[in-house]
Amino acid sequence: EPEVTQTPSHQVTQMGQEVILRCVPISNHLYFYWYRQILGQKVEFLVSFYNNEISEKSEIFDDQFSVERPDGSNFTLKIRSTKLEDSAMYFCASSENWTGENYEQYFGPGTRLTVT
Amino acid sequence: KNQVEQSPQSLIILEGKNCTLQCNYTVSPFSNLRWYKQDTGRGPVSLTIMTFSENTKSNGRYTATLDADTKQSSLHITASQLSDSASYICVVSGGYNKLIFGAGTRLAVHP
């Protein structure tokens, strides 16, 4: 069964450093998403991406965040200058169509980002 | 403000017993309501998706209900198994592509 994959599974970085989290969505999916989950808290929407552009973003997704689909398979989240409060689990998800039409969002296993 | 509230926060039941988890939401516009299962340290996995016109939907031992008038949903788990131990998250799709997550109910099934 196709699945969303994410690398790395765990990333440790120093405050102020740039990190890139990578995701390979399910191959025939058109919509891509990033979420984060701070330890012990709820999952929070960051951004959705369709047709090579951001379709929606949350207040969390400020100028230090960016997303890119550099080739036909990868979808990346870049954090330019990490802060301690960026420590969280980051989930990538993809869907065949937009979720207002009841399409499933399939989540990857997550990347645990630890900022020291 | 769009919110999804779940109760109880945590629940312990014995293997083989049934349980019901609750979800109240204030999300507008409303597209659909989903229940996800999330194992510790893993990504959420979808159990059910319901639109406002659907009252109930089942997936094996999981049955979700939706009352769009009162903006309440429940997830009923029948004949619980040890592998059901996880967080169960109520998620509402509001707007174009945004999912709004509840904090989840942490379920522990004991032998």
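Any value given below was found using the heavy atoms of this structure, including those in side chains, with hydrogens, waters and symmetry copies removed. Computed from a predicted model, the values in this text were never measured in an experiment. Within every chain, numbering begins at 1; the chains are lettered A, B, ... in the order of the sequence lines, protein sequences first and strands thereafter.
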Undergrad: If you round to the nearest 0.5 Å, how far is CD1 of B/I89 from CD of A/Q37?
TA: 6.0 Å
Undergrad: Using the benzene-type ring in the case of Trp, are the ring centres of A/F107 and B/Y36 under 6.0 Å apart?
TA: yes
Undergrad: If you draw a 6.0 Å radius around CG in A/D63, do more than 12 non-hydrogen atoms from other residues or ligands fall strictly inside?
TA: no
Undergrad: Any chain of hydrophobic side-chain contacts (each under 4.5 Å) joining A/Y31 to A/L46?
TA: no
Undergrad: For B/V4, is it the side chain, the backbone, both, or neither that has a heavy atom closer than 4.5 Å to a heavy atom of chain A?
TA: backbone
Undergrad: From A/Y33 OH over to B/L99 CG, what is the distance, rounded to the nearest 0.5 angstrom?
TA: 7.0 Å
Undergrad: Between B/F101 and A/Y35, is any pair of side-chain heavy atoms under 4.5 Å apart?
TA: yes
Undergrad: Of all the heavy-atom pairs spanning A/M89 and B/G41, show the shortest one and how long it is.
TA: CE-O, 3.6 Å
Undergrad: Can you establish whether the number of heavy atoms outside A/E85 located under 6.0 Å from its atom CD is more than 12?
TA: yes
Undergrad: Counting only heavy atoms not in A/K57 (residues, nucleotides, ligands), do more than 12 fall under 6.0 Å from its NZ?
TA: no
Undergrad: Do B/Q38 and A/F91 come within less than 4.5 Å of each other through their side chains, counting heavy atoms only?
TA: yes
Undergrad: Check ring pair (Phe, Tyr, Trp, His ring centres under 6.0 Å) between A/Y90 and all other residues, then give those that pass, not counting sequence neighbours.
TA: none
Undergrad: Atom CZ of residue position A/R69 - does it have more than 12 heavy atoms of other residues, nucleotides or ligands inside 6.0 Å?
TA: yes
